[in-house]
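So the structure is just underneath, and the comments pick up after that.
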Amino acid sequence: MFAYARPEGLSETFALLDAEPEARLLAGGTDLLVGVRKGNVISPLLIDLKRVAELASGISEVDGALRIGANTVLTEVINDRRVQETYPALVAAARVVGSIQIRNRATLVGNLCNASPAADTAPPLLVFGAILELAGPDSRRRVSFADFVTGPGRTLLERGELVTAVELPLPADPVGSAFQRMTRRRGVDLATVNLACAVTSGGVTRFAFGAVGPRAIVVADGTGMLADSKTDPVEVDALIRRMTAEATPISNVRASREYRQAMLLVLSRRALESARERLAEARRGG
Amino acid sequence: MAAETMAVTLVVNGRTRALEVAVHRTLLDVLRDELGLTGSKECCAEGECGACTVLVDGDGINACLVLAVEADGSSVTTIEGLGVDGRLSRLQDAFLAAGGVQCGFCIPGMVMSAEALLARQARATPAEIREALSGNLCRCGGYNQICAAVAAACSGEGHEAEEER
Amino acid sequence: MSAGGAEAGPDGRSEKIAGGRPRAEELARDARGATIGTSAQRVGGFERVTGSQRFVADLRLDEVLHVKLVHLECARARIGHVDTTEAARVPGVRMVVTAADLPQPVARFGPGYRDRPLLATGETKYHGEPVAAVVADTVDSASEAVRLVHVEHEQLPAVLTIAAARDERSPLVREPGLRAADDPHRDTNTLTEWRFGWGDVPAAHADHVVEQRYTAASTTHFAIEPHGFLAAPDGAGIAVWSSIQHPYVLQRLIADTLELPLARVRVFAPDPGGGFGGKQHAKYEPLLAVLTMRIGRPLRLVLTLEETFQAVRSPTFEIGIRSGFMRDGTIAFQDIEIDGLLGAYADIGHRVISKSSYLACGPYRVPDARIHVRALLSHTPPATALRGFGSPQMAWAFESQMDEAARQLGLDRLEIRVRNLAHRGEEIVRGAGDTPADGDWAESVRRAADWIGWGDPLPDGHGRGIAVGIKSSATTGASYAIVRLLHDGSAIVLAGTSDMGQGARTVLAQIAGQELGVPIERVSVVMGDTSAAPYDMQTSASRSTVFMGTAVLNACREIRGKLRAMASDTYGVEEDCVAIADGTIHLPDREIDVAELMADALGPMHGEVIGTGSRRGDHVPEHPLGGHAAFYEFSCTASEVAVDRETGEVELLRHVTVSDVGKALNPAHVAMQDEGAAIMGLGQTLMEQLIFDETTGRIQNLGALDYRIPTTKDVPLEMASLVVENEDGPGPYGAKGTGESGLLSTAPAVASAVHDAAGVVIRDLPLTPERIWRALQERDG
């Protein structure tokens, strides 16, 4: 069994972590408590972050970016007008994480720190170039989300360090984005493959692929060919194939490697088309 | 500061309850065992089935994935808290009238998810209803009747005032 | 959509087909009490919608101790030393028990074969078989102790598939010493085999032969209520609480295990939160019974969802069919090989295999048939009854085969079925004097075809399928009921049926209300207590409306007879001149209500009028199934789907089931059951399968996260559950039973639609997107 602490500020939190290095951080609890119940997570202390002032939930515009506080639950992210307008792929992804009951508790930051290779929120954050704010007892730093996850369940958080917010850079010009995933049933499910696509006004296309490797990966096409709806479909396919080549899907109870590979292509095509359409719409809308 | 048991205060179905709980106990455990409110059910214990859905500060959540100590200071509504003076709430009535109840084990969770939906929005489309209940499993397969019950409860009294505005 | 009090069901439209023979007794139809054929509101609905319904895990006993089971992470292992010392030291732990601590030899039980030991002895035989039990003050301390029980064990090669079970070189699942000396299969993994059939298949002539193989994965029940059990010493006897569907079977088992008279064994069976067959037979009640008597305290064990997957599942099936057809599509012969994988202990799985195989030819006219069936042992959890009792798997095979024949012969898939479907009175099993076709089955098929718009044009990527299914209902039975008419005219029905959501309480209350003229709100139903309600053999095979319903009906008739005699005595009139209708006593000169008669007849000391009734279907030893089916459940499913050819995903557009029910005593309940069964069938068709690790035999998708069942978003866009009512059933008012019909033909109808939409044939369940995708790749690639 574990002990429980409920600090009200970051310095208190760091002191607790320092005193008990094996402590685990509890935000939404929808991953952590399952792990505890199954015996995969054994910890002497759970530190409840929900009352830590500096981690308060909330979405605000700060220095050309949208800042999502660490305790912001997925429901709040989904319902935010600015997120809906600027990052629809993130909304689409967040909407399929678990059920409404889960999304009312699970935090976006918690979902990222859990670092599941199949996390639905990871691909959108990658294509949007998200930045994470990290804080330690004596340090503050910002890291690109692309570098944050280092492997299944592993991040580059140092001992005693935690994430205080996610930042999404606000693009100067319109961006079109889309999210796709494959599941075993239409209802709530874990993804066998998920991906996001973003096409910028400048003609850069980014794809991020999840559940097809130890961590989600992001690749970019700067040639402008994918962004151009007039590009020959055969060439588009070839380009997408090259981009998906870095994915290393495995076979498990959810799906086989071949199927995952194939779905990566099929869904990438669909996401690209969707992203291009949305960009065109955004540019028409002004 | 770190503790094995803790004093918590929960307002459960409108009644303030002060309890001393072991910190590892879930809200579901405490509701069922300490408070005798066995309406909320245990099934998967990992937030996949929704049988334990209750409202915490108005939001539907899986009580099996919330520690009782996390809910300290919150307002909790369970199935037992619906209806007034032994009469069924409009939603509960609708469930019975629409034939949405078979074995009944999933029903408290379903009703609470529906309750949360109707608290958020007076009207809901069929798709919104299905989405709102998609975290509640029913093995008897009563989904269509359950969704119809929620639809019937939506489109009724109390909303004339809304329409006038 | 309205359902309360009105006559139509919620989604389905209940229609009568003229020509049935009315069986209902002549009764003046008055609204008072006359609810048969109406969607009377569920008895017990109020409790369920308020959360006050007490399921077994909601019960609280004083001084109760908690039990947790210890099991290994592999299927088959030789058990060495079990070290319980550390576990026993956990504060609050009262007892840690292994097989060695039980009376030797360890008691074995099972409904067909007494093969399952109370705890694993010598060797575990499946992933989840308990090796030890911990008894402690709290669930937490019991769980902690479980982690500290050290079981020295050596993993052994496990038999996990049909192929492995049939392979002579595979290890034996069951020690030959545990089998009868004259058992011809003693040294194999075949538990038993059957040969059914008629005519002369080798000599039969056919224009065209179709030969294919079909498989169906093992699925689990996943009732939302996990199994729960309580046991406590009760005076000189014992009380047991269980989510069991068969309380009297359990009572007998406990009595035998503890060597107590039945009268000292009280089984309480709270309404289960879903049974689907998985709660028919005992699992851990015998163990708990032994332990509670040993420790003298009440014990409680509630399984986790994962433990239920390790306790109950359906058999895995492989079915090879070689069929002869004439050019015009009529069936010439059927030559069928069926293998069913039972698991380590038979439970009722062997009967699932035999009973369903008996009708492996389906509801058709088949001149010559040969059916060879094997029930195989394996190192997997024991298979048990699961809604449909093997019949869905049979329909998967014979209906997929009909489609194959239609394709090869260039015939319409609807037409080939109608051509071969047995008509009322025709034999579907020949030469055995067995129950012939007992319904106008073609009508169900026509209605389904109409609803789905068979033959209408479809957009590209869309397809339609149609299939039929059939199941024998109970072949034996014994249901007894007591009805008590109280002196204020209200009534109590005592019946041992289990209401697990199918609405038994309601139907029995409706019957009593109808017969006695008592409004349903004034009827209460007592179930789930073997000391209160008289004997009921079991709740299964959709039998209860017919068996228990008739028992209740007969008990009410006895009461009516007594009332007439009372009126005759009290008022000095001839019994023949007394009529009873709708709670009113019609005397020659006036009418009085029942309460007044009771007051006059019984006086200020009061009293009551008690009626008893029963219905039995007795064992027929010469019959391969032990008895003739009381009726058949027959259903037709039609499905329309769209297939995404790039991903293999199936979108369920329209889905209809039409079931031949005799009479829907409560149309809303029938529709809910059929629709619910269809949704369960869709889960089994598209997404459900237990996945066993090939080496360790561990169930890999243990739990809700990786074993997917349908949610609100997985339901077809449009669904209907229709009924054919010809009042031609053996139950009250011409009713048959229902509840399993909706899923008998789901899989073949959907697969047929998938082929129609995408051009690929799948012969293995489930039809996952990946499976369909692979078939498309193979065809195109």
Side-chain angles (χ1 to χ4, degrees), chain B residues 22 24-25 29 32-33 36-49 51 78-80 82-83 86 88 91-93 95-109 111 129-149 151-152, chain C residues 1-4 9-11 39 41-42 44-55 57-58 60 140 221-226 271-276 302 304-305 499-503 668-669 671-673 675-680 683 703-705 709-715 719 742:
Chain B
H24 67 275
R25 308 259 300 151
D29 291 336
R32 286 178 57 81
D33 299 339
L37 296 168
T38 56
S40 310
K41 305 302 181 196
E42 176 153 17
C43 172
C44 76
E46 56 182 356
E48 289 291 325
C49 73
T78 71
I79 186 76
E80 292 92 342
L82 302 188
L88 298 179
L91 184 60
Q92 288 168 306
D93 240 337
F95 265 76
L96 279 182
V101 178
Q102 294 185 57
C103 84
F105 202 78
C106 76
I107 292 299
V111 172
I129 293 172
R130 277 182 196 277
E131 180 65 43
L133 300 185
S134 61
N136 291 80
L137 297 178
C138 169
R139 193 51 154 164
C140 294
Y143 294 128
N144 289 329
Q145 290 82 0
I146 289 169
C147 289
Chain C
M1 183 179 100
S2 74
D11 278 311
S39 298
Q41 210 168 77
R42 181 174 295 268
F46 180 92
E47 290 81 351
R48 284 157 171 79
V49 96
T50 54
S52 57
Q53 179 70 27
R54 298 259 159 196
F55 297 89
D58 301 326
R60 297 285 174 265
D140 284 338
H221 305 60
F222 201 149
I224 309 302
E225 178 207 34
D271 291 1
F276 315 113
V302 177
T304 63
L305 182 67
D499 191 339
M500 47 192 148
Q502 84 282 35
H669 284 201
M672 283 197 288
Q673 279 285 291
E675 194 165 290
I679 291 171
M680 191 172 198
L705 196 65
I709 65 173
T711 68
T712 52
K713 293 164 82 167
D714 298 293
V715 167
M719 275 188 97

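What you see is a predicted model; the values in this text were computed from it and never measured. These values consider heavy atoms only, across backbone and side chains, with no hydrogens, waters or symmetry-generated copies. Chain naming here is simple, since letters A, B, ... match the order of the sequence lines and numbering starts at 1 in each.
No part of Asp714(C) comes within reach of chain B, as not one of its non-hydrogen atoms sits under 4.5 angstrom from that chain. Leu137(B) touches chain C through backbone and side chain together, each having a heavy atom under 4.5 Å away. Only the side chain of Glu46(B) comes within less than 4.5 Å of a heavy atom in chain C; its backbone stays farther off. For Cys140(B), the parts lying near chain C are the backbone and the side chain together; criterion is any non-hydrogen pair under 4.5 Å. Within the 4.5 angstrom heavy-atom criterion, only side-chain atoms of Phe276(C), from C-beta onward, approach chain B. Proximity to chain C is absent for every atom of Ala45(B), based on heavy atoms less than 4.5 angstrom apart.
The distance from atom OG1 of Thr50(C) to atom CZ of Phe95(B), rounded to the nearest 0.5 Å, is 13.0 Å. With rounding to the nearest 0.5 Å, the separation of CG in Asn144(B) from CE in Met719(C) is 6.0 Å. With rounding to the nearest 0.5 Å, the separation of OG1 in Thr711(C) from CZ in Arg130(B) is 9.0 Å.
Your options are Asp33(B), Ile146(B), Leu37(B), and the one with the most heavy-atom pairs under 4.5 Å with chain C is Asp33(B). Counting heavy-atom pairs under 4.5 Å between each of Asp271(C), Val302(C), Ile224(C), Leu305(C) and chain B puts Ile224(C) at the top. Between chain C and the options Gly142(B), Ala51(B), Ser134(B), the largest number of non-hydrogen pairs under 4.5 Å is found for Ser134(B). Comparing His221(C), Gln53(C), Gln502(C) by how many heavy-atom pairs each has under 4.5 Å with chain B, the most go to His221(C). Taking Glu131(B), Arg25(B), Lys41(B) one by one and counting their heavy-atom pairs under 4.5 Å with chain C, the maximum is reached by Lys41(B). Taking chain B as the reference chain and counting heavy-atom pairs below 4.5 Å, the highest number among Val715(C), Ile709(C), Val49(C) is found for Val49(C). When each of Gly39(B), Cys43(B), Cys138(B), Cys44(B) is checked for heavy-atom pairs under 4.5 Å with chain C, Cys43(B) comes out on top.
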Hey, mind stepping through Thr38(B) and Arg54(C) against side-chain contact (heavy atoms from CB on, under 4.5 Å) and telling me if it holds? CA-CA 8 Å; Thr38(B) 56; Arg54(C) 298 259 159 196; 3.3 Å; yes
Checking Gln102(B) against Met500(C) for the side-chain contact (heavy atoms from CB on, under 4.5 Å) test, could you report, in this order, the C-alpha distance in whole Å, the side-chain angles of both residues, the deciding distance, and whether it holds? CA-CA 8 Å; Gln102(B) 294 185 57; Met500(C) 47 192 148; over 6 Å; no
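Among all heavy-atom pairs drawn from Pro108(B) and Gly51(C), the shortest one is CG-CA, 4.3 Å.
One N or O on the side chain of Arg48(C) and one on the backbone of Cys103(B) form a donor-acceptor pair closer than 3.5 Å. In this structure, Arg139(B) contributes its side chain and Gly274(C) its backbone to no donor-acceptor pair below 3.5 Å. Tyr143(B) contributes a side-chain N or O that, together with a main-chain N or O of Pro710(C), makes up a donor-acceptor pair within less than 3.5 Å.
Proximity of Val101(B) to Met672(C): side-chain heavy atoms (C-beta onward) are nowhere separated by under 4.5 Å. The shortest side-chain heavy-atom distance between Glu42(B) and Glu225(C) does not fall under the 4.5 Å cut-off.
Judged as a ring pair (Phe, Tyr, Trp, His ring centres under 6.0 Å), and not counting sequence neighbours, the contacts of Phe222(C) are Phe309(C). Not counting sequence neighbours, the partners of Asp93(B) by the side-chain contact (heavy atoms from CB on, under 4.5 Å) test are Leu88(B).
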